Amino acid sequence: MIDVVGTLRRGWQQLIAHIDFPLLFITLAIMAVGLGTVYSATFDGNQRVLSQLGNMGVAMTIMWFVSRLPPQKLMSFAIPLYVLGVILLIAVFLFGIKVNGAKRWLSLGFTRIQPSEIMKIAMPLMLAWYFQKYEATLKFKHYIVAALLLLVPFALIAKQPDLGTALLVGAAGFYVIFFAGLPWKVIVGLIAAGASAAPLIWSMMHDYQRKRILTLLDPTTDPLGAGYHIIQATIAIGSGGAIGKGYLNGTQTHLEFIPEKHTDFIFAVYSEEWGLIGNATLVFLYTLLIGRGLMIASGAPTTFSRLLAGAITLGFFTYAFINMGMVSGILPVVGVPLPFMSYGGTALVTLFLGVGMLMSIHTHRMLVKK
């Protein structure tokens with residue numbers, strides 16, 4: 001007699017074999033909060049919620065497939081993906097489609113793609129592979145080469161201009177270089193050099209970028225223009241108080257004062273409805289996510305997997321820090337979504353690619369000879 005129950009049990013075990021459940025549950029908790037907030041932000045717009053559910057399904061399916069790939073297989077994608085990403089960024093520079101003054105998209109005829117999203121994954125993959133390759137003979141020149149590998153896509157993305165994505169790609173690459181052992185004296189020197197070069201950087205910035213920084217210092221100078229986003233978001237956050245106004249009761253949200261309320265400024269919607277207590281809960285969930293990722297990184301058996309896991313995890317931190325900072329008025333407004341909260345498919349797929357890689361590194365760690 002065929003053991004149907006046993007076959008089903010083995011099939012289920014095979015299906016979930018490479019899933020890290022602590023990481024999955026934390027991510028699902030944040031997504032549940034995000035889905036509820038998207039519904040509130042687009043009240044009477046259930047289509048957005050259904051669309052986001054579809055985005056989640058696609059992203060989690062990709063996460064499952066990636067989690068089953070061993071780190072050695074992930075490493076083989078490093079060079080091809082990086083080269084493809086740089087070629088596409090150059091193509092955007094030469095032939096890209098300009099939308100709202102920014103040339104970020106490349107038309108393939110039947111659809112459009114944003115190649116800068118590829119670099120969010122390709123950059124840490126490439127640099128982790130590079131430092132794995134030269135682990136035994138690592139010298140200062142290798143850090144210089146790594147910096148050049150980072151600078152090329154960073155400059156191409158910043159030129160589009162897309163400062164938010166450039167910051168995320170730059171941060172992902174820097175984290176790999178930092179975890180690879182970049183000396184502190186070099187980091188301090190770079191900070192000092194950056195500070196001294198501030199006037200030059202300022203002169204090279206686009207007008208809208210300079211305006212964002214000036215508006216950050218005093219948003220009331222242009223309350224109906226560049227300062228509108230910051231003013232309305234901070235009003236929403238402050239009006240939430242300690243316990244918030246209650247779910248679906250945010251006046252700034254439902255009276256349409258908050259711009260981009262289901263994407264970049266979703267944190268303002270959440271803060272108004274749930275207040276300080278809700279914000280503390282959300283920060284706690286992100287802390288758990290980052291802590292779990294760092295635990296996976298610390299237990300990784302190879303240089304490649306350790307550097308990749310560390311960069312992906314701190315990438316989640318960078319996403320959350322920049323978004324919360326810009327919505328709260330302590331950082332300039334840039335196009336960075338709140339991870340696993342904001343509406344959108346492309347960013348969600350990129351984030352879950354990272355989650356899948358963390359799961360791959362964790363569940364395959366015992367198969368790697370130390």
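What you are looking at is a predicted structure, and each value in this text was computed from that prediction instead of being measured. Worth knowing before you read on, the calculation uses all heavy atoms, side chains too, and leaves out hydrogens, waters and symmetry mates.
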When you measure from the side chain of [X] to the backbone of [Y], do you find a donor-acceptor pair of N or O atoms at a distance under 3.5 Å?
X: Ser67; Y: Trp64; result: yes
X: Arg104; Y: Pro161; result: yes
X: Tyr247; Y: Gly36; result: yes
X: Ser298; Y: Met295; result: yes
X: Glu135; Y: Thr303; result: no
X: His142; Y: Lys139; result: yes
X: Thr42; Y: Val38; result: yes
X: Tyr286; Y: Pro339; result: yes
X: Ser305; Y: Thr302; result: yes
X: Ser239; Y: Ala236; result: yes

Query raised in the report: Which of parallel (below 30°), tilted (30 to 60°) and perpendicular (above 60°) describes Tyr343 and His262?
Result: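 Rings of Tyr343 and His262: tilted, 30 to 60°.
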
Query raised in the report: Could you go step by step and tell me if Phe131 and Phe304 meet the ring pair (Phe, Tyr, Trp, His ring centres under 6.0 Å) rule?
Result: CA-CA 7 Å; Phe131 284 111; Phe304 170 80; over 10 Å; no

To the nearest 0.5 angstrom, please state how far the [atom1] atom of [X] sits from the [atom2] atom of [Y].
X: Asn323; Y: Leu338; atom1: CG; atom2: CG; answer: 4.5 Å
X: Ile296; Y: Ser360; atom1: CD1; atom2: OG; answer: 10.0 Å
X: Leu282; Y: Ile277; atom1: CG; atom2: CD1; answer: 14.0 Å
X: Leu358; Y: Leu294; atom1: CG; atom2: CG; answer: 9.5 Å
X: Met123; Y: Leu81; atom1: CE; atom2: CG; answer: 10.5 Å
X: Leu28; Y: Met56; atom1: CG; atom2: CE; answer: 9.0 Å

**Report entry** Distance-minimising heavy-atom pair for Gly354 and Phe316
**Finding:**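 Heavy atoms only, the tightest pair is C-CZ, 4.4 Å.
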
Query raised in the report: What pair of heavy atoms forms the shortest contact from Ile26 to Arg292, and how long is it?
Result: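 Minimum heavy-atom separation between Ile26 and Arg292: CD1-CB, 4.3 Å.
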
Centroid separation [X] to [Y] less than 6.0 Å:
X: Tyr143; Y: Tyr130; result: no
X: His229; Y: Phe265; result: yes
X: His18; Y: His362; result: no

Consider only side-chain N and O atoms of [X] and [Y], and report whether a donor and an acceptor are under 3.5 Å apart.
X: Ser40; Y: Tyr270; answer: no
X: Lys141; Y: Tyr134; answer: no
X: Thr251; Y: Lys245; answer: yes
X: Glu272; Y: Thr253; answer: yes
X: Glu117; Y: Thr346; answer: no

Look at the side-chain heavy atoms of Ile, Leu, Val, Met, Phe, Trp and Tyr, link any pair under 4.5 Å apart, and say whether [X] and [Y] land in one connected group.
X: Leu285; Y: Phe321; answer: yes
X: Met324; Y: Leu331; answer: yes
X: Ile90; Y: Leu88; answer: yes
X: Ile290; Y: Leu23; answer: yes

Report task. Would you list the pairs meeting salt bridge (charged side-chain N to carboxylate O under 4.0 Å, His left out) in which at least one residue belongs to residues 59-88, sequence neighbours left out? Result ->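 As it turns out, there is no salt bridge (charged side-chain N to carboxylate O under 4.0 Å, His left out) pair with a partner in residues 59-88 once direct neighbours are skipped.
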
For residues 172-199, which side-chain N or O atoms pair as donor and acceptor with protein atoms under 3.5 Å away, sequence neighbours left out?
| from | atom 1 | to | atom 2 | distance (Å) |
| --- | --- | --- | --- | --- |
| Tyr175 | OH | Thr318 | OG1 | 2.6 |
| Ser196 | OG | Ala192 | O | 3.3 |
| Ser196 | OG | Ala193 | O | 2.8 |

